[in-house]
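Pasting a structure below so you can have a look.
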Number of protein chains: 2
Amino acid sequence: MTELIDQTESSAGARVGNRALSVMDRLREAILGGAVAAGERLNEVQLSKTLSVSRTPVRAALQALAGEGLLDYAPNRGFTVREFPLPAIVDAYDIRAALEGVAVRFAAERGLPAKEREIIERALAAGDKLLERGSFEAGDLTIYRDINGDFHDALLAATGNRMLSEMIRICHHVPVSSTRNIVVFEYHDVRRRHDDHHRIFQAVLAREPWRAEMLMREHVASIKTSLVGYLSERKTYPSAALQPAGDGP
Amino acid sequence: MTELIDQTESSAGARVGNRALSVMDRLREAILGGAVAAGERLNEVQLSKTLSVSRTPVRAALQALAGEGLLDYAPNRGFTVREFPLPAIVDAYDIRAALEGVAVRFAAERGLPAKEREIIERALAAGDKLLERGSFEAGDLTIYRDINGDFHDALLAATGNRMLSEMIRICHHVPVSSTRNIVVFEYHDVRRRHDDHHRIFQAVLAREPWRAEMLMREHVASIKTSLVGYLSERKTYPSAALQPAGDGP
DNA sequence: ACTACGCAAAGTGTATACACATCAATTGGG
DNA sequence: CCCAATTGATGTGTATACACTTTGCGTAGT
């Protein structure tokens with residue numbers, strides 16, 4: 001009763017009740033933030049003591065997170081943080097490329113609702129303005145990260161297919177692979193991807209489904225390529241290294 | 001300890017503990033079988049009385065099924081059977097086509113493990129034998145349904161990517177859209193799809209990733225087309241009509 | 001007759017106690 | 001000295017009681 005929880009999302013995915021919801025959010029944050037190691041076993045009583053709730057909402061949250069693919073479950077052994085080996089992370093980009101490709105194809109076939117169209121136009125305009133200077137300054141990348149997120153989210157909402165959006169959301173929530181992050185910091189790369197966005201948007205408006213899909217697939221694939229290149233330069237395993245960098249537009 | 005449950009699957013997806021597992025299976029069966037209507041609200045106490053268990057495993061099962069996308073959840077209102085409008089069912093084929101396309105691409109890139117290769121070869125041989133007669137008899141479709149399932153499952157296992165296989169599994173579990181069913185009964189159509197399987201397998205063996213992906217996409221897309229055609233002939237809504245027919249190879 | 005308030009019944013959310021499985025360490029036998 | 005069985009501790013699985021939220025019905029007021 002005293003807790004203030006943003007239960008904006010109503011019935012998507014595998015949510016759970018009041019208190020369990022906040023537990024779920026805190027746990028997800030902890031997992032994605034790397035506070036708990038991959039493969040680590042999550043002790044229910046310990047968590048319930050830490051979070052000052054009973055085991056019931058903790059269990060509910062754990063099961064919901066398992067539904068999101070962040071945890072593994074083994075009977076009589078409880079939940080463990082799912083491991084995401086580097087190959088699996090890279091694969092996630094291919095999966096995401098295929099799914100977002102289908103999403104924009106749907107959007108191009110069905111047409112863009114006015115609301116989403118406005119959001120996208122605003123995002124594109126904001127990107128144009130940010131990029132017209134010809135170079136990046138301090139907080140610019142953070143700003144563009146949000147712009148990029150708005151673009152993809154709006155396109156996602158435009159498909160009107162829950163299963164598809166949930167799957168894409170899962171791809172975005174693969175540890176270290178959040179959409180709102182950017183792998184390549186070079187101005188020139190961001191510029192190119194912003195141009196991709198324009199082209200994709202045009203294809204959707206022009207009702208060219210297959211061109212839109214193809215562009216989106218290539219768009220996401222190029223992000224994967226950048227990630228792989230980034231990783232092969234510095235051999236370091238990116239569990240923490242990528243944390244602030246992550247993935248791309 | 002008196003109950004005999006097949007807990008073959010260990011840590012995939014969102015499973016839950018011993019008793020909850022059997023509850024989950026029974027509920028899934030009931031939902032997929034159409035025993036409970038879409039949109040219907042699932043009463044926890046009623047279910048627990050029906051199944052002779054307490055509410056705890058029932059809740060666990062419900063949350064797990066929500067994680068599989070079969071149920072919706074609303075805080076303080078419980079779980080409802082998710083609705084799958086006809087457009088969503090049709091969309092599922094496009095999503096499945098994209099995902100299985102990526103799966104075979106991975107298989108072609110990575111190579112087929114000996115075990116899966118054997119399974120596929122056996123399935124293809126069995127299909128050849130079944131089809132060489134030139135026409136279908138009574139139980140032949142049921143047999144081919146299993147052959148078809150084995151083929152797709154083996155290919156799926158060969159990718160070695162959990163997220164991908166789970167997503168494909170979800171597509172297959174969309175109500176009325178199980179892979180192991182076949183929409184078109186014509187011998188000629190099954191023949192064509194069996195040929196598709198051969199070509200896909202060859203492409204995977206020949207290490208031609210993009211050709212394999214393209215073939216698989218077209219393969220699944222053709223099934224969607226058949227379904228749409230089937231539906232537009234008889235205008236009846238397929239909630240029950242498709243139950244025995246379903247979807248295809 | 002219609003609306004608004006309130007109360008009661010139904011149902012979900014949470015806490016807690018107990019049953020059972022798993023794992024590790026210790027002890028007894030070979 | 002090593003292997004194995006048993007026993008304890010740790011931790012999950014289930015049942016149940018209670019608190020809170022929602023919802024529908026009934027009543028009173030306009």
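Here is the naming used below: chain letters follow the sequence lines, and residue numbers restart at 1 for every chain.
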For this session: Return no unless some side-chain N or O of B/Arg77 is found under 4.0 Å from OP1 or OP2 of D/dT23.
Result: yes

Exercise. B/Leu42 near the nucleic acid: base, sugar-phosphate alone, or nothing, with a heavy-atom cut-off under 4.0 Å?
Worked result: sugar-phosphate

Exercise. Mapping B/Arg41 and B/Pro57 to their closest nucleotides on DNA chain D, which lands nearer the 5' end?
Worked result: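 Closer to the 5' end of DNA chain D: B/Pro57.
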
For this session: Give a yes or no on this: more than 12 heavy atoms of other residues, nucleotides or ligands lie within 6.0 Å of atom CZ of A/Arg110.
Result: yes

Exercise. Is any side-chain N or O of A/Asn43 closer than 4.0 Å to OP1 or OP2 of D/dG11?
Worked result: yes

Problem set entry | Distance test, side-chain N/O of A/Thr56 to OP1/OP2 of C/dT14, below 4.0 Å |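 For C/dT14, neither OP1 nor OP2 has a side-chain N or O of A/Thr56 closer than 4.0 Å.
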
For this session: May I ask you to verify if any side-chain N or O of A/Arg59 is less than 4.0 angstrom from the OP1 or OP2 atom of D/dG13?
Result: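 Yes.
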
For this session: Using a heavy-atom cut-off of under 4.0 Å over every strand shown, decide if B/Leu62 touches base, sugar-phosphate, or nothing.
Result: nothing

Problem set entry | Nearest-nucleotide pick for A/Arg19, side chain only, options being C/dT12, C/dT14, D/dT14 | C/dT14

Exercise. Would you say D/dA15 has OP1 or OP2 under 4.0 Å from some side-chain N or O of B/Ser54?
Worked result: yes

Exercise. How are the rings of A/His197 and A/His152 set relative to one another: parallel (under 30°), tilted (30 to 60°) or perpendicular (over 60°)?
Worked result: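 Correct class here is perpendicular.
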
Exercise. If you take atom types as modelled and just measure distance, does the side chain of B/Arg55 reach the base of C/dG11 with a donor-acceptor pair under 3.5 Å?
Worked result: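 For B/Arg55, whose side chain was compared with the base of C/dG11, there is no donor-acceptor pair (under 3.5 Å).
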
